[in-house]
> 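Quick one: the structure is below, questions incoming.
Owing to the predicted nature of the structure, the values given are computational and were not obtained by experimental measurement. The chains referred to below are lettered A, B, ... by the order of the sequence lines, with proteins before strands, and numbering in each begins at 1.
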Amino acid sequence: MASCGAMDVIAIFGPTAVGKTAVAIAVAEHLRAEGQQAVAVSVDAIQVYKGLEVLSGAATAAEQQRLETRLISFVPVTETWSAGSHAARAHQEIDGLLAAGVVPIVVGGTGLYLRSALAELSLAPPPDAALRARLTAEYDADPGAARARLEALAPARAAAIAPGDRHRVIRALEIVEGGGGDRPQNELWTGVTRHPTRLIGLTMERDALRARIERRCAAMVEAGAADEVRKADAAGASVTARRALGFAELLADDPERMATRTSQYARRQMTWMRRTPGIVQIDVTAGTPHEVATAVLDRSGR
RNA sequence: GGCGAGAUAGCUCAGUUGGUAGAGCACACGACUGAAAAUCGUGGUGUCCCCGGUUCGAGUCCGGGUCUCGCCA
């Protein structure tokens, strides 16, 4: 009997353009051949947005025909989204699939979203818009003073944050003022998960990945990514939607810059992957999706 | 052909009165708990075009080449 055995969840991580979707589809087809059903749960900060499907590389209708994918293209571009909001939805999807006897294939390139989907992180409370606005203004008026205030209020939190890290200094002040105390948490690298999980990291030889990224960016432009971005911009896209690689670049008609920044992003994803405990890395430079899928399932000891 | 300007990091360029070179971008490595496709930290990766000269010492001064750009023929 094909059973999940010790592993209930399959997770697939990897840098952008490495071919995660194709591998997820191949894995699902292999499972189906064994009589098991699978559904993908996306963990991608930009693919959640409705109206940025081309730019974010979300699964197409044809791809979804082969593997149903949840948590893509469902948030209006005007809304902000976050790891916390995503985690709640992802937990719900994963638990629902497991309860129905379907294998969840958690797939995506946003490391923090992946981790918070697989684990039960002790996240600090969500940001309050007014407080964040006030603290941002405070920081921008005098970064040194804001930093000093954080050091006074929460030395342990401050110690973990680089002096020039605007984003984190503001967030830390936000947490402290919200009563979060001075006990910073880091459960990112513990490897603890909510369900037994086989975590796969797809890698690719650097030059090959760079070439794929360039081709992919060109294809996105070809497929109308610039138009998508202009529409989202006109619709009043949220700060988080605007973080999409290519958003600002395509508005400025600079596709080359988009490819460069995408490459830099891929590098950071690889850094995250190397740090991730328990991840099984598979180099997909030469393999077809089905060969890779076999490797994914073979290594599972099924 | 003549005159002028230039040649320094992968790219664009700085480089004081001579003391074996440094910015931005790119690149590499890293950090990462509700903005994470975000944010941030660290690192110079070099036949200073070539040959010779002056000098204790030349990216820098002198001579001769080579190449590039501009103007004039």
> Among the nucleotides B:rC25, B:rA35, B:rG34, which one has an atom lying closest to any side-chain atom of A:R243?
B:rA35
> I need the CG-P distance between A:L52 and B:rA37, as an integer number of Å.
14 Å
> Return the value, rounded to whole Å, for the distance between atom CD of A:Q264 and atom P of B:rC25.
10 Å
> Below 4.5 Å, heavy atoms only, C-beta onward: do A:L67 and A:E63 meet side chain to side chain?
no
> Counting side-chain heavy atoms from C-beta on, which of B:rA36, B:rU33, B:rG34 comes nearest to A:L121?
B:rU33
> Nearest whole angstrom, please: distance from the C1' of B:rU39 to the CG of A:L245.
13 Å
> Quickly work out the A:E174 CD to B:rU33 P distance and round it to whole Å.
13 Å
> Whole angstrom is fine here: how far is it from CD in A:Q269 over to P in B:rA36?
13 Å
> Base, sugar-phosphate or nothing for A:P127? Non-hydrogen atoms, less than 4.0 Å.
sugar-phosphate
> Going by distance alone, is a donor N or O of one side chain under 3.5 Å from an acceptor N or O of the other, for A:R166 and A:T136?
no
> Sequence neighbours left out, what pairs pass salt bridge (charged side-chain N to carboxylate O under 4.0 Å, His left out) with at least one residue falling in residues 35-48 of chain A?
none
> Got a sec, which residues hit salt bridge (charged side-chain N to carboxylate O under 4.0 Å, His left out) with A:R66, two or more places apart in sequence or on another chain?
A:E29
> Considering only the P atoms, how many Å lie between B:rA26 and B:rC69, rounded to the nearest integer?
29 Å
> Quick test of your reading: applying salt bridge (charged side-chain N to carboxylate O under 4.0 Å, His left out), list the pairs with at least one residue in residues 97-124 of chain A, sequence neighbours left out, ordered by first then second residue.
A:E120-A:R194
> Heavy atoms only, 4.0 Å cut-off, all strands: where does A:I161 land among base, sugar-phosphate and nothing?
nothing
> From the set B:rA36, B:rA31, B:rA35, return the single nucleotide nearest to any side-chain atom of A:T271.
B:rA31
> What's A:R183 touching, base or sugar-phosphate or nothing? Going by heavy atoms closer than 4.0 Å.
nothing
> Determine the interatomic distance between C1' on B:rC25 and the same-named atom on B:rG6; round to the nearest Å.
22 Å
> Say we look at B:rG19 and B:rU55: how far apart would their C1' atoms be, to the nearest angstrom?
12 Å
> Counting the atoms with a prime plus P, OP1 and OP2 as sugar-phosphate, which does A:W81 contact under 4.0 Å by heavy atoms, base, sugar-phosphate, or nothing?
sugar-phosphate
> Which part of the nucleic acid, if any, lies within contact of A:R210, taking any heavy atom under 4.0 Å across all strands shown: a base, the sugar-phosphate backbone alone, or nothing?
sugar-phosphate
> When you compare B:rU20 with B:rC56, how far apart are their C1' atoms, in angstrom units rounded to a whole number?
14 Å
> What nucleotide among B:rA35, B:rG34, B:rA26 has an atom nearest to a side-chain atom of A:T136?
B:rA35
> Between A:R168 and B:rA36, is there a contact of a side-chain N or O with OP1 or OP2 at under 4.0 Å?
no
> Using a heavy-atom cut-off of 4.0 Å across all strands, would you classify A:T80 as base, sugar-phosphate, or nothing?
nothing
> Can you tell which of B:rA37, B:rC27, B:rA36 lies closest to the side chain of A:L112?
B:rA36
> Starting at the 5' end of RNA chain B, which residue's closest nucleotide do you reach first, A:A244 or A:W189?
A:W189
> Please report the distance, rounded to the nearest Å, between CZ in A:R274 and P in B:rA28.
10 Å
> So, is A:T110 close to the B:rA37 phosphate, meaning a side-chain N or O under 4.0 Å from OP1 or OP2?
yes
> Need to verify one output field. Residue with the more 5' nearest nucleotide on RNA chain B, A:A45 or A:S122?
A:S122
> Which dot-bracket notation, 5' to 3', represents the base pairing of RNA chain B when pairs are defined as Watson-Crick or G-U with both distances under 3.5 Å, crossing pairs as [ ], and inter-strand pairs as |?
(((((((..((((.....[..))))((((((.......))))).)...(((((..]....)))))))))))).
> Does a side-chain N or O of A:R166 approach OP1 or OP2 of B:rC40 to a distance below 4.0 Å, or not?
no
> Indicate, yes or no, whether a donor-acceptor pair under 3.5 Å links the base of B:rA31 to the side chain of A:D165.
no
> Is A:R132 close enough to B:rA35 that one of its side-chain N or O atoms is under 4.0 Å from OP1 or OP2 there?
yes
> Of the nucleotides B:rA28, B:rA36, B:rA26, which one has an atom closest to the side chain of A:R267?
B:rA28
> May I ask you to say what A:F247 touches in the nucleic acid, namely base, sugar-phosphate or nothing, with a heavy-atom cut-off under 4.0 Å?
nothing
> Is the shortest distance from a Lys or Arg side-chain nitrogen in A:R171 or A:E174 to a carboxylate oxygen in the other one below 4.0 Å?
yes
> Whole angstrom is fine here: how far is it from CZ in A:R206 over to P in B:rC27?
10 Å
> Considering every strand and a 4.0 Å limit on heavy-atom distances, what is the contact class for A:T16: base, sugar-phosphate, or nothing?
nothing
> State which residues pass side-chain contact (heavy atoms from CB on, under 4.5 Å) with A:A208; sequence neighbours excluded, sorted by chain then number.
A:M204, A:E205, A:T285
> With sugar-phosphate meaning primed atoms plus P, OP1 and OP2, does A:R261 contact a base, only sugar-phosphate, or nothing at under 4.0 Å between heavy atoms?
sugar-phosphate
> What nucleic acid atoms does A:S238 come within less than 4.0 Å of, heavy atoms only: base, sugar-phosphate, or nothing?
nothing
> Looking for any heavy atom pair under 4.0 Å, which part of the strands does A:A162 touch: base, sugar-phosphate only, or nothing?
sugar-phosphate
> With P as the reference atom in both, quote the distance from B:rG64 to B:rA28 in angstrom, rounded to an integer.
45 Å
> Rounded to whole angstrom units, what separation is found between the CZ atom of A:R147 and the P atom of B:rG41?
11 Å
> What distance, rounded to whole Å, do you find between the two C1' atoms, one in B:rG63 and one in B:rA58?
15 Å
> What interatomic distance, in whole Å, is found between C1' of B:rU45 and the corresponding atom of B:rC27?
8 Å
> We want to know whether A:Y49 and A:T240 form a side-chain donor-acceptor pair, criterion being a heavy-atom distance below 3.5 angstrom.
yes
> Just say parallel, tilted or perpendicular for the rings of A:H30 and A:H290, cut-offs at 30° and 60°.
parallel
> Using only heavy-atom distances, determine whether the side chains of A:T16 and A:Q269 contain a donor-acceptor pair under 3.5 Å.
no
> I'd like the P distance from B:rG65 over to B:rG59, given in whole Å.
22 Å
> Per the salt bridge (charged side-chain N to carboxylate O under 4.0 Å, His left out) rule, what does the pair list look like for residues 49-61 of chain A, sequence neighbours excluded?
none
> Which nucleotide wins on minimum distance to the side chain of A:S263, given the candidates B:rA37, B:rC27, B:rG34?
B:rC27
